[in-house]
Each structure stands twice: as structure tokens, then as C-alpha cells.
**Student:** 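Below is the structure I would like to discuss, written out as C-alpha cells.
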Protein chains: 2
Amino acid sequence: MQFSVTEENYLKAIYMLRENNDGGGVGTNELSQQLQNKAASVTDMLKRLAEKKLINYQKYKGVVLTSRGEKLAIKIIRKHRLWETFLVEKLSFKWDEVHEIAEQLEHIQSDELINRLENFIGNPRFDPHGDPIPDSKGQFNFLKSKPLSQFNQKGNYLLTGVSEHSKSFLQHLTSVGLKIGDSIKVDELNAFDNSYKVTINKKNIQFFSNKVASHILVVLKK
Amino acid sequence: MQFSVTEENYLKAIYMLRENNDGGGVGTNELSQQLQNKAASVTDMLKRLAEKKLINYQKYKGVVLTSRGEKLAIKIIRKHRLWETFLVEKLSFKWDEVHEIAEQLEHIQSDELINRLENFIGNPRFDPHGDPIPDSKGQFNFLKSKPLSQFNQKGNYLLTGVSEHSKSFLQHLTSVGLKIGDSIKVDELNAFDNSYKVTINKKNIQFFSNKVASHILVVLKK
DNA sequence: GATAACATTTAGGGCAGCCTAAAAATATAT
DNA sequence: ATATATTTTTAGGCTGCCCTAAATGTTATC
Ligand SMILES: [Mn+2]
Ligand SMILES: [Mn+2]
Ligand SMILES: [Mn+2]
Ligand SMILES: [Mn+2]
């Protein structure tokens, strides 16, 4: 069974919004915002996806993926992240340039292709933004990282990912000399605006607004 | 300006059929056969493509690409052939496995991607089936090869391409040990059925039906 | 030049995926 | 508990791309 690009994008959007509202299902408005279209259009599509047993949908109650729908969503994410890694590792794109292209490539249909691609780029477990790449069975390697803004203490941290993938944010990090794997030492916490004074890789002093710190995912170094 | 996958496929089909009827334009029936849909649907789309200045279309007179339409068609073909080459050279696909995947990949929109891909695979001038890959300006390196069936003489030939890309034909060639770049010595021409007895690479004796010989593109070796 | 065969277009319609406006359900505030 | 705000669905409609059946144009044949 094959699905349209539109259907795949709905599944992916539902999957990505699923953990925000950890109680019930994903809302129609939320989805329409994520997908950049109108709520009425979403309702329309939800009926069709339910028909195809990809989601469980009850009027006014929000939507959750069936296991079939979830498998498919994870597969799209797997393809997206493998292609992003390919673009960065093999074609020398920068991490802020790959998302839009991967949005297209994630819909190419061929299991053989994606498995060979994975092998070609050396079976990476994380993509250029630090996001885990599910294996062909849909298993993720999660890191227990948190936003830097949730640590209210000085200390040494390791940058493992970002929770905001916009070009402008990624370019900002690049401009302050920060990339995945870098060490971040928090020297000062400013109580007034919750901003940070940090040292990157032991030599580069920078200031992070709370907004920046909230999109930087780190683990505390022992 | 961006075009739909469907529109791109029409442009490519028109381009590929263009040289058959070297006099006038491409016919509606021809196109419907190539695109696996009905003539009425083709008429419908031709009106839209004409509206967008991609083709010149006059009722009942057939269709020709405008220079804008031709540039686009060549770009799609360029992408198709570069992706096929990538799949064979980097991901170890066989030449009979790549066409369907490239049919999808040829519609990915990113000039930067296709130029980097070209460089990554070493700026090849021909794809895995011997077809010339246009450069980023749309220039082809044509080989003046002809079907083996058009040479009515014994002699030494070099296989430069194939004019039939079906899986079954390509697998047949593989099974007789023939690939691009091989030498073919014609030992006997059978006048009764226009079949050929040949020696491949000086040691492998095979028989080609006229049908096979008509899809093998060769140049005569001096 | 009339007629038959073939190619092409027109007419009318379906489905996917989107829209706006209005109605209905649910959540929030007083 | 009622009024108000917010979310969601329904109703009706549009565009792109496809279809079948019927009409029309073109080409071939006698
Ligand atoms: Mn991305
Ligand atoms: Mn990513
Ligand atoms: Mn091909
Ligand atoms: Mn090819």
C-alpha cells in the first residue's frame, strides 16, 4: 500500500505533535498550524486517514496514530534524517541547508534505497542536528538530554542536539562557533533575564539569551 | 517558478518523443501512450502547459516545446541520469534496478543539490545505460552510435549504450555477459532472420536476435 | 470527391486536497 | 449555572489531474 506525499506529511505532523499533549490526542488546530493549512482541511483529511486505519479519530476528541500509522511516521522520519546526514557528510551541505531538501527526499519510495543509503553513510545513529535516527525496525537511540535552560546551575555541559531547526537559529549557533559535540561551560547565570555567560570548548566566551538556551539540548558532564 | 511532478513528466515525455516525428510536433495519442493515460487527459494538460508558455500547441497540430519548456525537460533528464549514476556508482545498484527510483528522484527541486551530486560522482558524461548526461547549461555529449542492427557487416564494435531500458532487456544483456564498454565482434550475419553470432570481449560467443541487436547501440571500431 | 479509418477535442463528471463561512461542540470565566 | 471564547466540524465550492462517451477534424482509400 502506498500513500501520497500529503498523507505522509499528516502522519509525520501527528507523530511530532504527539508528545506535546501527552494526555489526549493531537488537536485539529495544532495540526493545521503545523501543516500550514486550515482546520477545515485537516478535519477533511483526518476522516480519510481514519478510513485507511492510519489513525484513530473521534470527532472533537483529537487524533492518535494507530501502530500502522506510527510505523509509517517513524519511517518517514528515518528517511528524513538519513538524507540530512547524507547531504552533510557526503555533499558538504551545512546543517542549516539540509532540512528543506530532506522534506522532499523523505517521500522517495524504496526500502532498498534507504537501507543502502544508511550503510553508505556508515550507519549513523544521529543526524546533523543531533536527532536520533530510527533503525529499519523503527527503534530509536534516545539521549536523555534536556534544554540548557532547564539546568539552573553552573557546570560543564555537552551539546547533543537542538530543538529548533530553523535556518536562522542554526546559523546563529554557527556564528557563535557552536556545533554538536561541543563543550559548554556555564560561567554565570543572570537571574534577571535568565541569560547565560558560557565558555565554548574552553576558549570561546559567549552570551546566550534564555530563548537560545531553551533550544540547546545538553547533557551534564560528570 | 515551480512545476508539478505531473507537468514535469509531460515535458519529459514530449522531449523524448520529439525526435521520432522529426517533422511536426508530438501527437496526443503518442503522449497518452507514453504517459499511460487517456488522450482526453493529454489534451486537457496540453492546454495548461501552453497557458504557461512551456509548449506551443495548436489544436490537431501536435505540440512542440518552447525553449523554456525544453530547458526544463533537459534539466529533468539531467537529474534522472545523475541520480541513476549515483545509485549504480555509490550505492552498488545494478543498471536494471535504478530507473524506477530515478523516476522519483528526478523531481527533487534543488539546483545546489544536483550540482553537488554531479561533482560527488565525478562529473560523469554518461549514465549507466550509456545515455549522455547534459551539463548544467543543458549541453549534451552525443556519441554517434547506431543500433547494431543497422550495420550489415561483420566487424568489431564497441557497446556504447542501449535504446531499451526495461528491466527484462537489461537483465538479458547481463545474463549474456554484456555491459557498456564491451567489445562485440560480429562473426556471422544470418540473412534469414537477421540474427547475429558474436564474440563478446574476444572470448564469449553469443547469439543476438534482430530484436536484441536493434536495441544495442554501438560504434564501429577502426 | 465521397467514405471509411484514425486522431483529437469537447462535454460532463470523479476524486484528492485545499478554501471560506456558518454551525455546533467544548472549554473558560464570571 | 450561564455567558463568552475557543475549537472543531459541516456545507458548499474551487483547482489539478484523471476518466468515459460523444462529437469533430484529419488522413487514407477507392
Ligand atoms: Mn529536518
Ligand atoms: Mn534533523
Ligand atoms: Mn532511466
Ligand atoms: Mn538511463
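Convention: sequence-line order gives letters A, B, ...; per-chain numbering from 1.
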**Student:** Measure NZ/K59(A) against P/dT10(D) and give the value in whole Å, please.
**Tutor:**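 Answer to the nearest Å: 4 Å.
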**Student:** Please state how far atom CG in L31(A) lies from atom P in dG17(C), giving the value in whole angstrom units.
**Tutor:**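 That distance rounds to 15 Å.
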**Student:** Give D44(A) one of three labels, base, sugar-phosphate or nothing, depending on what nucleic acid heavy atoms sit under 4.0 Å from its own.
**Tutor:**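 Base, at least one base atom sits under 4.0 Å.
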**Student:** Would you mind reading off the distance between F3(B) atom CZ and dC17(D) atom P, rounded to a whole angstrom?
**Tutor:**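 Rounding to the nearest Å, CZ of F3(B) and P of dC17(D) are 12 Å apart.
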**Student:** With a 4.0 Å cutoff (strictly under), does any side-chain N or O of T43(B) reach OP1 or OP2 of dT8(C)?
**Tutor:**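 Answer no for this pair, as no side-chain N or O of T43(B) is under 4.0 Å from OP1 or OP2.
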**Student:** Measure from CG on N29(B) to C1' on dT9(C) and round the result to the nearest Å.
**Tutor:**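 N29(B) atom CG is separated from dT9(C) atom C1' by 11 Å.
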**Student:** Taking the cut-offs as 6.0 angstrom to the six-membered ring centre and 45 degrees off its axis, would you call K52(A) and F3(A) a cation-pi pair?
**Tutor:**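 Ring-cation test returns no.
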**Student:** Looking at F151(B), is K146(B) sitting on its ring face, NZ or CZ under 6.0 Å from the six-membered ring centre and within 45 degrees of the normal?
**Tutor:**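 Yes, K146(B) sits over the ring of F151(B).
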**Student:** Once the angle between the rings of W83(A) and F86(A) is folded into 0 to 90°, is it parallel (under 30°), tilted (30 to 60°) or perpendicular (over 60°)?
**Tutor:**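 Correct class here is perpendicular.
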**Student:** Looking at dG17(C), I'd like to know if its phosphate oxygens (OP1 or OP2) sit under 4.0 Å from a side-chain N or O belonging to S41(A).
**Tutor:**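 Checking S41(A) against dG17(C): no side-chain N or O falls below 4.0 Å of OP1 or OP2.
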**Student:** Whole angstrom is fine here: how far is it from CG in L54(A) over to P in dA16(C)?
**Tutor:**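 Between P of dA16(C) and CG of L54(A): 14 Å.
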**Student:** Nearest to the side chain of A40(A), heavy atoms from C-beta on, is which of dA25(C), dA21(C), dC19(D)?
**Tutor:**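 So the side chain of A40(A) is nearest to dA21(C).
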**Student:** So, OP1 or OP2 of dG17(C): does either fall under 4.0 Å of a side-chain N or O from R48(A)?
**Tutor:**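 Yes, R48(A) has a side-chain N/O under 4.0 Å of OP1/OP2 on dG17(C).
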**Student:** In whole Å, I'd like the distance from the CD atom of Q58(B) to the C1' atom of dG25(D).
**Tutor:**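 Nearest whole value for this atom pair: 14 Å.
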**Student:** Please determine if a side-chain N or O atom of Y57(B) lies less than 4.0 Å away from the OP1 or OP2 oxygen of dT9(C).
**Tutor:**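 True: Y57(B) side-chain N/O within range (under 4.0 Å) of dT9(C) OP1/OP2.
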**Student:** Compare side-chain N and O positions of T28(A) against OP1 and OP2 of dT9(D) and report whether any pair is under 4.0 Å apart.
**Tutor:**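 For dT9(D), OP1 or OP2 has a side-chain N or O of T28(A) closer than 4.0 Å.
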**Student:** So with a 6.0 Å cut-off around CD of Q33(B), is the heavy-atom count from everything else above 12?
**Tutor:**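 At most 12 heavy atoms, drawn from other residues, nucleotides or ligands, come within 6.0 Å of this atom.
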**Student:** If only side-chain N and O atoms of S4(B) are considered, is one of them under 4.0 Å from the OP1 or OP2 phosphate oxygen of dC17(D)?
**Tutor:**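 Yes, such a contact exists.
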**Student:** Would you say a side-chain N or O of Y10(A) is under 4.0 Å from OP1 or OP2 of dC18(C)?
**Tutor:**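 Yes, Y10(A) has a side-chain N/O under 4.0 Å of OP1/OP2 on dC18(C).
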**Student:** Could you tell me the separation between the CG atom of L11(B) and the P atom of dC17(D), rounded to a whole number of Å?
**Tutor:**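 Answer to the nearest Å: 11 Å.
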**Student:** Are K12(B) and E103(B) close enough for a salt bridge, meaning some N to O gap below 4.0 Å?
**Tutor:**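 The answer is yes: the pair qualifies as a salt bridge.
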**Student:** Can you work out whether V5(A) or G27(B) has the more 5'-proximal nearest nucleotide on DNA chain C?
**Tutor:**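 With V5(A) and G27(B) compared, the 5'-side residue is G27(B).
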**Student:** Whole Å only: how far is the CG atom of L35(B) from the P atom of dC17(D)?
**Tutor:**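 From L35(B) CG to dC17(D) P: 12 Å.
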**Student:** Using a heavy-atom cut-off of 4.0 Å across all strands, would you classify K47(A) as base, sugar-phosphate, or nothing?
**Tutor:**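 Answer is sugar-phosphate: K47(A) comes under 4.0 Å of backbone atoms only.
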